[in-house]
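Here the structure is laid out as structure tokens; the discussion comes afterwards.
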Protein chains: 2
Amino acid sequence: MGSQVTLAEVAERAGVSLATASRVVNGSERVVGAGLRERVLAAAQELGYTANTFAQAIARGRSDVVGLVVPDIQDPYFSVIAAAAMAAVEPTGEMMLGTTLRRQEQELRYVSTMRARRARALIMVGSRTTDNAHTRQVAQAIADFVAGGGRAVVIGQDKLGTDTVLPQNRAGAKDLAVALVDQGHKTFGVLAGPNTLLTARDRVDGFVEGLAKRGKRAGVVVHSDFTRDGGYQAMSEVLDRRTRPGCVFAVNDVMAIGAMAAVRDRGLSLPGDMAVAGFDDIPTLRDVAPSLTTVRLPLEDMGRMAGSMAMEEQAGERRRVIRVKGEVILRDSTRL
Amino acid sequence: MGSQVTLAEVAERAGVSLATASRVVNGSERVVGAGLRERVLAAAQELGYTANTFAQAIARGRSDVVGLVVPDIQDPYFSVIAAAAMAAVEPTGEMMLGTTLRRQEQELRYVSTMRARRARALIMVGSRTTDNAHTRQVAQAIADFVAGGGRAVVIGQDKLGTDTVLPQNRAGAKDLAVALVDQGHKTFGVLAGPNTLLTARDRVDGFVEGLAKRGKRAGVVVHSDFTRDGGYQAMSEVLDRRTRPGCVFAVNDVMAIGAMAAVRDRGLSLPGDMAVAGFDDIPTLRDVAPSLTTVRLPLEDMGRMAGSMAMEEQAGERRRVIRVKGEVILRDSTRL
DNA sequence: TTGTACGCGTTATCAT
DNA sequence: ATGATAACGCGTACAA
């Protein structure tokens with residue numbers, strides 16, 4: 001690196017000891033005389049001094065870095081949460097970002113990176129999978145991180161033994177199914193996302209359960225990626241069937257958006273020929289037409305809660321699991 | 001912090017010197033005997049050792065942190081760039097994220113934070129403003145950062161004396177105007193964004209210039225925020241006028257999306273009653289209907305370029321300004 | 001090949 | 001109130 005000004009240089013220039021300089025630049029107020037204080041400040045100013053965070057962290061034995069690991073920062077679901085968490089962390093901390101691109105090994109890598117960084121906290125958002133071996137590994141890595149003095153907060157399933165923000169996926173999807181039947185829909189399909197993703201499974205299960213409660217069932221269940229393109233593809237498969245359902249539930253909104261595109265690309269009308277519902281209520285929905293029926297999750301709140309839990313001073317006596325419920329919002333995409 | 005295992009403990013357990021332990025855990029290969037090597041690795045494994053990045057950074061005099069500062073991570077324009085930059089940085093570095101929420105003082109704060117972190121590089125994306133005093137301050141802060149041995153890359157205007165990825169806003173908007181006139185549009189309006197934002201101004205200027213080249217002019221120019229809601233509001237103002245233009249240019253896509261919503265909310269048809277064009281070609285556009293005419297910027301390339309410039313080893317003999325041109329893409333939203 | 005010892009920039013303890 | 005000085009955890013010349 002180039003020539004960064006050190007505190008020692010500032011102290012020398014101000015004609016004071018290193019300790020005194022340190023005190024005025026950072027330490028508790030009022031411990032140092034006004035005269036010296038001035039001189040130190042002036043010297044720091046003139047030299048363009050900036051404290052070396054690394055040195056501080058190592059000397060203090062702690063840092064204010066919060067690690068945020070998300071599958072994909074481009075996905076609105078995650079970017080909303082990230083922005084909210086950021087806002088909560090920003091006042092006193094700094095945020096390190098890791099994106100896994102949905103690759104499991106990346107998840108592990110980031111946890112250990114945050115451990116190496118002696119991060120103050122780690123926020124991990126994204127669904128767990130059916131890969132129990134991997135889940136165990138992540139849980140272990142996080143346990144190590146926590147043992148080292150870090151906080152960990154997860155948004156998703158409660159499988160990692162951490163403070164958790166837990167969306168009620170199953171209940172929300174069940175409510176949605178009931179509402180759709182009550183609205184008059186008769187036949188259903190499900191764009192189920194990856195079979196290995198717990199969030200997706202919970203939503204499928206909840207939806208099927210809700211249908212059953214009203215004496216209905218899902219005629220078609222198609223698996224695909226948890227993305228816009230996954231939704232498009234899955235819906236295309238549904239449309240290729242001889243018998244099409246009248247209403248399709250996509251397990252998240254981005255998939256639903258892709259599904260709508262597939263419907264439109266076939267020249268079919270929406271919701272006339274095909275009704276579509278999603279899950280999450282991402283902000284993007286404001287601008288999709290017809291407006292999309294979905295299950296609203298308070299994404300901003302979830303991000304903010306995770307962020308503030310991460311920044312809490314106290315290590316917390318007992319771990320917390322905050323259940324967040326989804327609210328069914330009926331819009332035009334399922335209007336009969 | 002809790003009890004993190006140190007290299008010294010590993011060394012002791014392995015029965016070797018600190019230096020040897022350091023060599024095997026990090027340093028150049030093959031310098032250490034196979035036997036000791038094994039023992040050190042085993043000890044590290046058993047103890048669950050993780051190198052303290054802070055200590056490494058301070059001892060080495062450099063870090064692999066890259067700071068990314070964006071106005072808003074939820075805006076697709078920035079999240080695409082962020083994701084691409086992330087991909088370029090990830091192999092060897094780590095990314096620290098800062099969002100300014102379009103507040104200027106935050107910009108300065110993050111630059112100095114990255115300086116304190118002795119970050120390897122800083123990527124700043126977002127338009128400069130007409131506030132020259134602030135621009136000077138940021139330029140100075142960045143100069144200090146660079147003097148300290150950091151790299152700086154900017155995506156936006158070339159006003160900070162750094163390596164820069166520079167979109168050809170003016171030329172792109174000009175091309176768009178010409179294309180729209182040639183398509184048969186007669187009367188125009190501009191949703192101009194903030195009057196203080198250089199990117200917005202450049203695009204307005206270019207558009208007006210293009211119109212002039214074809215003997216046309218912009219009948220209405222309305223300023224607003226550079227956001228979806230800004231576009232909605234500005235378009236609402238346009239629609240309130242006695243004489244409405246037939247075609248409106250929103251200086252970015254998110255504004256255009258807001259503008260389309262405003263048109264729709266009045267029960268007007270698009271592009272029948274009002275044609276709309278945007279700028280950027282964000283991925284979100286895939287799912288807006290009617291498809292939006294825009295000026296395509298290679299956002300991913302831009303992010304990737306910035307990321308790899310940030311990770312370059314050599315300090316670069318001369319600063320580079322990479323001009324990126326926009327390509328007019330005519331779609332349904334301006335079809336006559 | 002391996003170990004010794006010093007330096008990196010701060011903070012914090014203990015005298016003064 | 002102020003100043004020495006010992007940590008903090010690691011890398012690395014230099015010596016062996």
Side-chain angles (χ1 to χ4, degrees), chain A residues 1-41 43-44 47-65 115-120 148-149, chain B residues 1-41 43-44 47-65 115-120 148-149:
Chain A
M1 308 200 49
S3 58
Q4 290 275 12
V5 179
T6 74
L7 189 55
E9 302 179 54
V10 173
E12 184 182 18
R13 171 139 184 168
V16 302
S17 74
L18 221 188
T20 301
S22 173
R23 291 195 261 259
V24 15
V25 174
N26 313 296
S28 45
E29 314 288 333
R30 314 249 162 114
V31 195
V32 70
L36 291 191
R37 175 175 212 81
E38 285 307 312
R39 275 159 54 194
V40 173
L41 254 24
L47 267 40
Y49 169 76
T50 306
N52 184 325
T53 319
F54 293 139
Q56 292 189 141
I58 194 181
R60 294 195 242 231
R62 60 190 179 74
S63 81
D64 285 317
V65 172
R115 191 163 161 237
R117 286 235 165 266
R118 302 310 192 257
R120 171 201 189 97
Chain B
M1 307 198 49
S3 59
Q4 289 275 10
V5 179
T6 75
L7 188 54
E9 303 179 52
V10 173
E12 184 182 15
R13 169 141 186 166
V16 303
S17 74
L18 220 185
T20 301
S22 172
R23 291 184 183 110
V24 15
V25 174
N26 312 297
S28 44
E29 313 287 334
R30 313 245 162 116
V31 195
V32 69
L36 292 191
R37 176 174 212 80
E38 285 308 313
R39 275 160 53 194
V40 172
L41 256 24
L47 267 39
Y49 170 75
T50 305
N52 184 324
T53 319
F54 293 138
Q56 289 184 313
I58 193 181
R60 290 183 180 143
R62 61 189 180 73
S63 80
D64 286 316
V65 171
R115 189 161 163 240
R117 286 232 164 269
R118 302 312 192 254
R120 173 202 187 98

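Below, chains carry the letters A, B, ... as their sequence lines are ordered, and counting in each starts from 1.
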Quick one: [X] [atom1] to [N] [atom2], roughly how many Å, whole number?
| X | N | atom1 | atom2 | result |
| --- | --- | --- | --- | --- |
| E38(A) | dA1(D) | CD | C1' | 16 Å |
| R62(A) | dA12(C) | CZ | C1' | 13 Å |
| I58(A) | dT10(C) | CD1 | C1' | 9 Å |
| N26(A) | dG9(C) | CG | P | 15 Å |
| L7(B) | dA5(C) | CG | C1' | 15 Å |

Distances under 3.5 Å between nitrogen or oxygen atoms of protein and nucleotides 14-16 of chain C:
none

Exceeds 12 heavy-atom contacts within 6.0 angstrom, atom CD of E12(A)
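Incorrect, the count does not exceed 12.
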
Using 0.5 Å steps for rounding, measure from the [atom1] atom of [X] to the [atom2] atom of [Y].
| X | Y | atom1 | atom2 | result |
| --- | --- | --- | --- | --- |
| R23(A) | S17(A) | CZ | OG | 6.0 Å |
| R118(B) | D64(B) | CZ | CG | 15.5 Å |
| Q56(A) | S63(A) | CD | OG | 11.0 Å |

Any residue in residues 48-57 of chain B with a heavy atom nearer than 4.0 angstrom to DNA chain D? Just list them by number, or reply none.
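By residue number: Y49(B), A51(B), N52(B), A55(B), Q56(B).
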
Using a cut-off of strictly less than 4.0 Å between a heavy atom of the residue and any atom of DNA chain C, enumerate the qualifying residues of residues 9-22 of chain A by number.
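Residues of residues 9-22 of chain A that come under 4.0 Å of DNA chain C are, in numerical order, L18(A), A19(A), S22(A).
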
What's the verdict on side chain to side chain contact (heavy atoms under 4.5 Å, CB included) for V65(B) and R117(A), showing C-alpha distance, side-chain angles and the deciding distance?
CA-CA 11 Å; V65(B) 171; R117(A) 286 235 165 266; 3.1 Å; yes

Search all heavy atoms of V5(B) against all heavy atoms of Y49(B) and return the closest pair with its distance.
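Heavy-atom minimum between the residues: O-CD1, 3.5 Å.
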
Can you spot which of V10(B), L7(B), T6(B) makes a side-chain contact (heavy atoms from CB on, under 4.5 Å) with L18(B)?
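The side-chain contact (heavy atoms from CB on, under 4.5 Å) with L18(B) is passed solely by L7(B) among V10(B), L7(B), T6(B).
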
Exam field: side chain T50(A) to backbone A116(B), donor-acceptor pair closer than 3.5 Å
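No.
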
Less than 4.5 Å apart, any side-chain heavy atom of Q4(B) and any of N52(B)?
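No, their side chains stay 4.5 Å or more apart.
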
Tell me, with the steps shown, if V24(B) and L36(B) meet side chain to side chain contact (heavy atoms under 4.5 Å, CB included).
CA-CA 9 Å; V24(B) 15; L36(B) 292 191; over 6 Å; no

From dG9(D), dG11(D), dT2(D), pick the nucleotide closest to the side chain of R60(B)?
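Nearest to the side chain of R60(B) among the choices is dG11(D).
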
